[in-house]
Every structure is written in structure tokens, then in C-alpha cells.
Amino acid sequence: MTTARLPLFPLNAVLFPGLVLPLNVFEERYRAMMRELLKTDESEPRRFAVVAIRDGREVAPTAPGLPDQTALPEKGPAAGFGPDPAQAFHRVGCIADAATIREREDGSFEVLATGTSRVKLLSVDATGPYLTAELEELEEEQGDGAGALAEGVLRAFRAYQKRLAGARERSVTSSQELPDEPSVVSYLVAAAAVLDTPAKQRLLQAPDTATRLREELHLLRAETAVLRHLPSLPAVDLTRAPTSPN
């Protein structure tokens, strides 16, 4: 078992290996994280872990609000995540490698990272300026029939894209090249499909590639059937990218 301790960045979204993650970092706890990551030599990966929030707020409250107007805003690395932050997060996440960390004049950061590999959350430490976590790196097993399933998923995904484009009144270019490696296909489809966070989380934590592809085939067929009966699908782009207001 390979374990690592890394900074932890919780989001209201699921990050997959290979997916590009843009972040607008303005909370002090995450500014401190980025300042620490900048100390890593550029020749080395600047890694942090991303986990989806199960129960909590991505951005901590900064002023009193409903129902208690007198309640003080929360502060600290675990603000918004309750007394036991580990219980607020899904247990499988993804390591992110920050290719670009650019500090703005106001001290906030513009970050561009890429998901690299899945990890299991073992514990969370809130004693420092930002959350850190003990993580177990998860190997990607292919499973039985992954190759054939990937072919079926790609066909279903193309049909889904066409239906989705029609619902958006857009066109799909025919020159799009899609990968054929099963695990890459499984992550690409999981990231690109318009699904809610629980559905994407189930795909991320699938025990192997074949299981993920099998679930995607079911989801794509179901979503395509729904789109067949919808005249339009407004504002669907808001659910697609794991961008963070933080």
C-alpha cells in the first residue's frame, strides 16, 4: 500500500484523472496552501488532493446569516466542514498536479491543475493553516471485458453528444478524436457527461475500469433517452466543469 500526505482541497465537484481543473483561490487557507506549493521546485510536481464534499460548504461563511443573525463566521482550515472534517468528504478523490500557480496583486491565486491518479482518504489533519490528508493511492484495475465495453461506451457517448448538442441547439464537429484506451475512455466520459456529483463520485470510486464503463453505458443510454424527449436544455454548461468560486 502506497500512502502519501498531501494538502487537501475540497470541492463541490469531482475531479477525474486527466481532467484539467481551473481554480480561483481567494480564501486564506487555500492561499496558504498555494504559497507552500510554490516552494516546490518547478521540476517537481506540485501535488494536492481534491475530494468532493459530501456535507459542507466549499466556501466558508464570512458573515452572520440565516437562521442565526448573531452567529460568528467560521474560521480556520476546517471552516464549513463541521467538527470532524473527514466525515464531510467522500472517501475517494484524485491527486491534482498544479502546472500553473499565478499570484495576483491582491494575494489571490489563479491555478491550473490536472488530475493524475485516484486516492482513498484515510485521515484528515486540521491542525495547520490548511487541511492535509493521509492518502492511499489506488491502482486502476482493468477488469473483465474492458476493451469491448470501451467500444460500446464510445458509441453511446457519440449518440449522447449528438442528442445533447441538439438539446442545446449546437452542432458537434465530426473531426473530434476520442481515445481508445479503456481507462482513459472511462474517465473522459465520466468528466464530460452531464451528471450530478453523486453519480460522478460513484464513477470515480468504481473498483475497476470495466465496472465504470458498464455503469457509464447504462447512464449514457438513460440520459440519451431523456434528451430525446426534451426540446431544449438551458444552462446545462453550469454543471459540466469542476470550477471553484474559491
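Side-chain contact between Val189 and Phe16 is absent, with no heavy atoms from C-beta onward closer than 4.5 Å. Residues Leu138 and Val119 form no side-chain contact, since every pair of their non-hydrogen atoms from C-beta on lies 4.5 Å or further apart. For the pair Asn12/Thr197, no side-chain contact is recorded, criterion being any heavy-atom separation below 4.5 Å from C-beta on. Between Leu38 and Phe109 the shortest side-chain heavy-atom distance falls below 4.5 Å. Side-chain contact check for Ser108 versus Val25: every heavy-atom pair is 4.5 Å or farther apart. A heavy-atom distance below 4.5 Å is found between the side chains of Pro17 and Arg118.
The backbone N or O of Gln205 sits nowhere less than 3.5 Å from a side-chain atom of Lys120 that would complete a donor-acceptor pair. Checked by atom type and distance alone, the side chain of Arg46 pairs as donor or acceptor with a backbone atom of Thr40 at under 3.5 Å. Judged purely by atom type and a 3.5 angstrom limit, Glu181 uses its side chain to pair as donor or acceptor with the backbone of Ser183. Under the 3.5 Å distance criterion, the side-chain polar atoms of Gln201 are matched with a main-chain donor or acceptor of Val92. Arg31 places a side-chain N or O within donor-acceptor distance of the main-chain N or O of Phe26, the cut-off being under 3.5 Å.
Between Arg35 and Glu28, at least one side-chain nitrogen of the basic residue sits less than 4.0 Å from a carboxylate oxygen of the acidic one, meeting the salt-bridge criterion.
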Sequence neighbours left out, cut at 3.5 Å: what donor-acceptor pairs do the side chains of residues 213-224 make with other protein atoms?
{"residue": "Glu216", "atom": "OE2", "partner": "Ala190", "partner atom": "N", "Å": "3.4"}
{"residue": "Thr224", "atom": "OG1", "partner": "Leu220", "partner atom": "O", "Å": "2.7"}

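Of the inter-residue distances, the one linking Arg202 atom CZ with Thr211 atom OG1 reads 13.5 Å to the nearest 0.5 angstrom. In this structure, CG in Leu23 is found 5.0 Å from CZ in Phe9, a value given to the nearest 0.5 Å. Going from atom CG of Leu131 over to atom CG of Asp125 covers 8.5 Å, rounded to the nearest 0.5 Å.
Under the side-chain contact (heavy atoms from CB on, under 4.5 Å) criterion, Glu36 pairs with Lys39, Tyr130, not counting sequence neighbours. By the side-chain contact (heavy atoms from CB on, under 4.5 Å) test, Val51 pairs with Leu8, Pro10, Phe89, sequence neighbours left out.
Residues Val184 and Leu204 fall into different hydrophobic clusters, defined by Ile, Leu, Val, Met, Phe, Trp and Tyr side chains chained together at heavy-atom separations under 4.5 Å.
The number of heavy-atom neighbours closer than 6.0 Å to CG of Asp84, taken from other residues, nucleotides and ligands shown, is above 12.
Between the side chains of Glu140 and Thr209, at least one donor-acceptor pair of N or O atoms lies under 3.5 Å.
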